[in-house]
Amino acid sequence: MKKVIATKNAPAAIGPYSQAIEVNGIVFLSGQLPIDPATGDFVPGGVKEQTEQCFENIKAILAEAGLTVDNIVKTTVLLSDIAGFAAMNEVYGQQFSGTFPARSAFAAKDLPKSALVEIEVIAAR
């Protein structure tokens with residue numbers, strides 16, 4: 001069975017998708033933009049600040065599912081410009097203790113709402 005996971009502590013979906021779906025103990029989070037759920041706006045700053053907000057949103061959705069970043073097994077990071085990789089990577093590395101999840105990182109021509117960073121994750125119970 002497929003279970004929808006949603007929280008008001010992360011931005012609402014801006015299209016026809018769910019914040020996360022759980023199937024057989026695997027939780028698939030939709031890509032998280034650097035939107036502050038309290039304001040509905042991007043956080044001020046650059047790649048570092050946007051990466052931090054993406055992770056705040058990810059943590060909120062994981063918490064709703066009863067999970068933490070320690071449950072993340074795979075991430076996909078999208079950057080509007082690969083030149084921001086080092087700044088993203090610095091913040092990214094601080095989010096995990098112990099074993100890092102598998103990761104892919106890409107530069108995308110355009111991200112929704114002109115974000116600098118978008119991050120999606122897969123977590124397992």
Side-chain angles (χ1 to χ4, degrees):
M1 294 292 289
K2 177 167 77 165
K3 177 183 175 187
V4 175
I5 298 168
T7 178
K8 293 182 184 213
N9 296 323
I14 58 174
Y17 60 89
S18 299
Q19 286 177 331
I21 296 289
E22 181 172 0
V23 177
N24 298 326
I26 306 294
V27 179
F28 300 86
L29 275 70
S30 294
Q32 293 302 301
L33 294 171
I35 297 171
D36 178 339
T39 66
D41 296 325
F42 281 171
V43 294
V47 172
K48 285 184 181 184
E49 292 81 9
Q50 287 198 8
T51 302
E52 288 168 354
Q53 185 63 51
C54 289
F55 271 103
E56 289 305 310
N57 298 338
I58 288 165
K59 290 173 186 177
I61 296 167
L62 289 173
E64 184 69 23
L67 303 174
T68 70
V69 293
D70 292 333
N71 295 96
I72 296 174
V73 295
K74 171 73 169 76
T75 65
T76 303
V77 178
L78 300 169
L79 297 160
S80 64
D81 185 341
I82 201 68
F85 183 85
M88 175 281 300
N89 203 44
E90 180 182 334
V91 174
Y92 181 99
Q94 297 169 356
Q95 305 304 310
F96 302 97
S97 59
T99 306
F100 292 105
R103 178 179 76 184
S104 299
F106 303 96
K109 184 176 183 319
D110 293 308
L111 294 176
K113 297 185 157 217
S114 299
L116 302 177
V117 182
E118 180 177 1
I119 303 173
E120 69 174 33
V121 306
I122 300 171
R125 293 201 179 275

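All values derive from a computational prediction rather than experimental measurement. The first residue of the sequence shown is numbered 1, and numbering continues consecutively from there.
A side-chain donor-acceptor contact under 3.5 Å links Q95 to the backbone of V91. Using modelled atom types, one side-chain atom of Q19 and one backbone atom of P11 make a donor-acceptor pair closer than 3.5 Å.
R125 is linked by a salt bridge (charged side-chain N to carboxylate O under 4.0 Å, His left out) to E22, counting only residues two or more places apart in sequence or in another chain.
Here L62 contributes atom CG and E64 contributes atom CD; the two are 10.5 Å apart, rounded to the nearest 0.5 Å. The CG atom of L116 sits 12.5 Å away from the CE atom of M88 when rounded to the nearest 0.5 Å. We find the CD1-CG distance between I26 and N71 to be 10.0 Å, quoted to the nearest 0.5 Å. Separating the CD1 atom in I58 from the OG atom in S30 is a distance of 11.0 Å, to the nearest 0.5 Å. Taking OG1 of T51 as the start and CD of E56 as the end, the distance is 12.0 Å to the nearest 0.5 Å. To the nearest 0.5 Å, atoms CD1 (I61) and CD1 (I5) are separated by 9.0 Å.
Contact annotation: the side chain of V121 never approaches that of P101 to less than 4.5 Å [non-hydrogen atoms, C-beta and beyond]. Counting only heavy atoms from C-beta outward, the side chains of E120 and C54 never approach each other to under 4.5 Å. D70 has its side chain within reach of S97: a pair of non-hydrogen atoms, C-beta onward, lies under 4.5 Å apart. At a threshold of 4.5 Å between non-hydrogen side-chain atoms, the residues V47 and F85 do not count as touching. Counting only heavy atoms from C-beta outward, the side chains of E118 and P112 approach each other to under 4.5 Å.
The shortest non-hydrogen separation linking L67 to A123 is CD1-CB, 4.0 Å. The two residues F42 and K113 make their nearest non-hydrogen contact at CE1-O, 3.2 Å. The minimum heavy-atom distance linking P37 with A10 is given by the pair CB-C, 3.7 Å.
Residue L78 is not grouped with residue V43 when hydrophobic side chains (ILVMFWY) are merged at heavy-atom distances under 4.5 angstrom, including chains of intermediate members. V77 and F100 end up in the same hydrophobic cluster when Ile, Leu, Val, Met, Phe, Trp and Tyr side chains are linked at under 4.5 Å.
Ring pair F96/Y92 is tilted by interplanar angle, where 30° to 60° counts as tilted.
Heavy-atom neighbours of K59 NZ from other residues, nucleotides or ligands within 6.0 Å: above the threshold of 12.
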